[in-house]
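A quick note: this is a predicted structure, and the numbers were derived from the prediction, not measured.
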Amino acid sequence: MNTHINRNRVLTFLTHLLVISMLFVLPEVLWSLAFPWKKVHPEFFIKTIAFVAAFYMEYYVILRRVPSRSSQWGGFALKNLALIGVLLAIFYFTGPAHERPHKNPDHVSFISRSALMLTRDAVMVILTIGLAVAMKLGEQWRYLESRRRELIDTQRAEELANLKNQLNPHFLFNTLNSIYALIAIAPEKAQAAVHELSRMLRYMLYESHATVPLERELNFIRNYIELMKLRLNPALPLEVTLDAGDSADMPVAPLIFITLVENVFKHGDTSAPYKPVTISLTASNGVVHCVTTNAVAPRSTEKADGGIGLVNLNRRLTLLYGDRASLKTTTTDGRFVATLSIDLNPEEK
């Protein structure tokens, strides 16, 4: 944190130095190179120091706190007028004798030339102040934008954590219901299911981070399907395709596909062999396609899982992938079809 702040300060200082050098030093250097026989007047150095001092006075003192209310702009203007007046007085009394008004007021040409020089100096001072104000406001805008993005990222991370916290007990509740149904009719299968569930919970609680390799997520889906098959009719035509292809190592948000797979077993009619169930999760060139189809159980009029399932999934997809993810669900002729596509390729900045 401190290293980052120090780096920003150094970068700001170097930016100031570069801009000031281009405005006040470079022209004189080029002039000296073009006319090496002409001497550099001491006034140049005085003005350069004065302009640099004006810049930093404006940047670090007058604009230490940028005016945020209309009542503060009056004081801001008065301070700048005072700064301009002080600098013009310095330029007047340190300038060459031929640039100051002659004691004889009849010498109009001297007075005119002096007024012209002071006008030029006043414009330069105003430009210097304007440069400091522009850089200060730009720096403040970048800071506020950084803070805004930080707050958005924090809020998004908290919302994702809450969504995941909702998913975990929801998944556990549904899985325990499946195991409970096995206890009375197939104790050995129920015992195996508890063992499989413990492995899956370990993945959910300890092994899944912000992202996991796609292949690991597919292994989790495989284990869940094997767990669900313990209570299914062996004659049920269950078609499962899980293939990460050339995208096995690409990072994906954990538990992003489990909702669709859960819905197949929770809301689908898996009791009859003539109602096939398909689960397809494939990837190619970093794009994942997940398609599930199942017959809607007669007892269920819902298209999806009650309350938090697809709503939760939709929100996570929006937060994590934005336009790179799409989820569509349809029900036709008593069959529910869910199609999810996610582009895992890094987002172009």
Inset, instruction - Might you work through the side-chain contact (heavy atoms from CB on, under 4.5 Å) test for F220 and F257, ending with a clear yes or no? - result: CA-CA 10 Å; F220 174 77; F257 306 106; over 6 Å; no
State plainly whether one hydrophobic cluster holds both [X] and [Y], where clusters connect Ile, Leu, Val, Met, Phe, Trp and Tyr through side-chain heavy atoms under 4.5 angstrom apart.
X: V291; Y: V296; value: no
X: L81; Y: I62; value: no
X: V125; Y: V61; value: yes

Could you tell me if the side chain of [Y] sits less than 4.5 Å from the side chain of [X], heavy atoms only?
X: L63; Y: F76; result: yes
X: V337; Y: T331; result: no
X: Y321; Y: L344; result: yes
X: I221; Y: N223; result: no
X: M250; Y: P213; result: no
X: V287; Y: N345; result: yes
X: D249; Y: L214; result: no
X: T259; Y: L310; result: yes

Can you name the nearest heavy-atom pair linking [X] to [Y], along with the distance?
X: A283; Y: A244; value: CB-O, 3.5 Å
X: A122; Y: L88; value: N-CD2, 3.6 Å
X: P254; Y: E217; value: CA-OE1, 3.5 Å
X: D246; Y: S284; value: OD1-CA, 3.5 Å

Between atom [atom1] of [X] and atom [atom2] of [Y], what is the distance when rounded to the nearest 0.5 Å?
X: E58; Y: K136; atom1: CD; atom2: NZ; answer: 10.0 Å
X: I256; Y: I342; atom1: CD1; atom2: CD1; answer: 5.5 Å
X: L218; Y: T241; atom1: CG; atom2: OG1; answer: 11.5 Å
X: L83; Y: I126; atom1: CG; atom2: CD1; answer: 10.5 Å
X: L340; Y: T292; atom1: CG; atom2: OG1; answer: 9.0 Å
X: L313; Y: L255; atom1: CG; atom2: CG; answer: 11.0 Å

Legend entry - Residues E226 and K229 bridged, charged N to O under 4.0 Å: yes
Legend entry - H289 and S341: side chain donor to acceptor below 3.5 Å: yes
Legend entry - T211 side chain to P251 backbone, donor-acceptor under 3.5 Å: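 No, the answer is negative, given that no donor and acceptor are paired below the 3.5 Å cut-off.
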Legend entry - N/O donor-acceptor pair under 3.5 Å between D243 side chain and T282 backbone: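 Answer holds: no.
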Legend entry - Residues forming a side-chain contact (heavy atoms from CB on, under 4.5 Å) with N314, sequence neighbours excluded: L327
Legend entry - Residue M57 excluded, over 12 heavy atoms near CE under 6.0 Å: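 It does not: M57 CE has 12 such atoms or fewer within range.
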Inset, instruction - Let me see the working for Y59 and V133 under side-chain contact (heavy atoms from CB on, under 4.5 Å), right down to the final yes or no. - result: CA-CA 7 Å; Y59 192 89; V133 171; over 6 Å; no
Legend entry - Full working for side-chain contact (heavy atoms from CB on, under 4.5 Å) between I279 and F265: CA-CA 11 Å; I279 299 172; F265 299 104; 4.1 Å; yes
Legend entry - For E215, salt bridge (Lys or Arg N to Asp or Glu O under 4.0 Å) partners two or more places apart: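 Partners of E215 by the salt bridge (Lys or Arg N to Asp or Glu O under 4.0 Å) criterion, ordered by chain and then number, come out as R222.
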